[in-house]
Number of protein chains: 2
Amino acid sequence: MDSTVVNLKSKLEIYKAMTGGGNLADCPVRDVIQGLNGKWSSLLTAALAEQPYRFGELRRLVPDISQRMLTQTLHELQRDGYVHREVFPTKPPSVEYSLTDLGRSMFGALQHLLQWAELNHDAVREARKGFDTAQA
Amino acid sequence: MDSTVVNLKSKLEIYKAMTGGGNLADCPVRDVIQGLNGKWSSLLTAALAEQPYRFGELRRLVPDISQRMLTQTLHELQRDGYVHREVFPTKPPSVEYSLTDLGRSMFGALQHLLQWAELNHDAVREARKGFDTAQA
DNA sequence: GGGTGTCGGTCTCAAAAAGAGACCAGCACT
DNA sequence: AGTGCTGGTCTCTTTTTGAGACCGACACCC
């Protein structure tokens with residue numbers, strides 16, 4: 001199927017889905033997106049899409065995340081079913097995090113946005129620069 | 001191009017792009033994604049992808065956004081080059097917001113994630129329910 | 001046996017962000 | 001003169017995030 005057709009066909013439907021047909025407070029699409037909106041969610045998902053990692057490995061891999069937010073974000077991702085957490089009875093015990101099937105499926109969709117960002121970050125930077133100088 | 005091939009080919013590259021090759025603090029991909037991570041960014045982009053809206057129309061369309069966050073989010077989206085803001089000299093003056101070409105391009109990528117959320121929100125809900133009952 | 005290190009966290013406190021809602025100027029209409 | 005609409009801003013409170021100290025359990029070294 002041609003992707004342009006997909007875009008044109010579903011634009012309105014997506015918007016309707018996000019507004020929940022009048023039931024905004026309980027809209028499932030916004031609810032799901034909300035869980036991915038966190039500052040660290042996409043980065044950690046991208047890391048785990050590459051390969052499973054242990055807690056400490058993730059911490060070293062993303063040095064500017066606090067241990068507190070790493071714990072919390074992984075917990076949320078696990079709760080939403082994207083991430084599997086497995087404890088190995090080593091001494092001291094080690095904990096491995098990996099993507100579930102649902103997580104891999106979700107990352108397949110997220111990936112488009114990440115790729116777009118990679119391709120277009122210079123355009124965004126440019127826009128910001130122009131806007132900021134226009135303001136001053 | 002087959003989308004499966006795209007996934008397999010770029011998984012590692014995307015992660016590398018997000019970690020910025022060691023230059024995490026200044027990573028452009030994370031920088032761009034960050035601007036889309038706000039609570040209201042994707043919803044407002046989806047609304048404007050449907051059609052241009054005026055400030056008050058958006059406020060009525062999304063009743064649970066505060067006026068403060070609506071102003072602020074639109075300002076950020078404008079700064080990043082996704083949204084065009086036009087003031088019409090009516091009395092009282094009206095302000096119309098619309099997507100730029102860059103904004104439409106970005107929405108094309110974002111759309112995949114929104115569609116995924118629409119298709120899979122029941123799986124996520126299910127995962128949450130299971131997790132919460134397992135915790136208790 | 002005492003000191004040190006690793007593991008995956010939790011706890012507390014300060015800073016930043018978001019939400020709620022009052023307030024504003026300018027003009028039209030009545 | 002009073003009311004309403006426009007698109008905001010200002011202030012205050014609550015929530016979220018960040019920084020960093022602390023924790024138990026065990027291994028390893030001496």
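First the proteins, then the strands, lettered A, B, ... as listed; each starts at 1.
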Kindly compute the distance separating CG (A/Leu99) from CG (A/Leu44), expressed to the nearest 0.5 Å.
10.0 Å

Determine whether the aromatic ring centres of A/Phe131 and B/His75 lie less than 6.0 Å apart.
yes

Salt bridge flag under 4.0 Å for residues A/Arg59 and A/Asp64
no

Output one line per pair: protein atom, nucleotide atom from nucleotides 14-20 of chain C, and distance, for all N/O pairs under 3.5 Å.
| residue | atom | partner | partner atom | Å |
| --- | --- | --- | --- | --- |
| C/dA18 | OP2 | B/Gln72 | NE2 | 3.4 |
| C/dA18 | N7 | B/Arg68 | NH2 | 3.2 |
| C/dG19 | OP1 | B/Lys39 | NZ | 2.8 |
| C/dG19 | OP2 | B/Trp40 | NE1 | 3.2 |
| C/dG19 | N7 | B/Arg68 | NH1 | 3.4 |

Taking 4.0 angstrom as the limit, do A/Asp132 and A/Lys129 come out as a salt bridge?
no

Determine the interplanar angle of the B/His112 and A/His112 rings, folded into 0 to 90°, and report it as parallel if under 30°, tilted if 30 to 60°, perpendicular if over 60°.
parallel

Any donor-acceptor pair under 3.5 Å linking the side chain of B/Thr73 with the backbone of B/Leu70?
no

Backbone of A/Asn37 reached by a side-chain donor or acceptor of A/Ser41 within 3.5 Å
no

With a 4.0 angstrom cut-off to heavy atoms of chain B, pull out the first and last contacting nucleotide of DNA chain D, in 5'-to-3' order.
D/dC5 to D/dT11

Is there a donor-acceptor contact under 3.5 Å from the side chain of A/Ser105 to the main chain of A/Asp101?
no

So that I can tick it off, tell me whether B/Asp122 and B/Arg125 are bridged by a salt bridge, with the cut-off set at under 4.0 angstrom between side-chain N and carboxylate O.
no

N/O to N/O distances under 3.5 Å, protein versus nucleotides 3-8 of chain C:
| residue | atom | partner | partner atom | Å |
| --- | --- | --- | --- | --- |
| C/dC7 | O3' | A/Arg54 | NH2 | 3.3 |
| C/dG8 | OP1 | A/Arg54 | NE | 3.4 |
| C/dG8 | OP1 | A/Val95 | N | 3.4 |
| C/dG8 | OP2 | A/Gly56 | N | 3.0 |

Between CG on residue A/Asn120 and CH2 on residue A/Trp116, distance to nearest 0.5 Å
4.5 Å

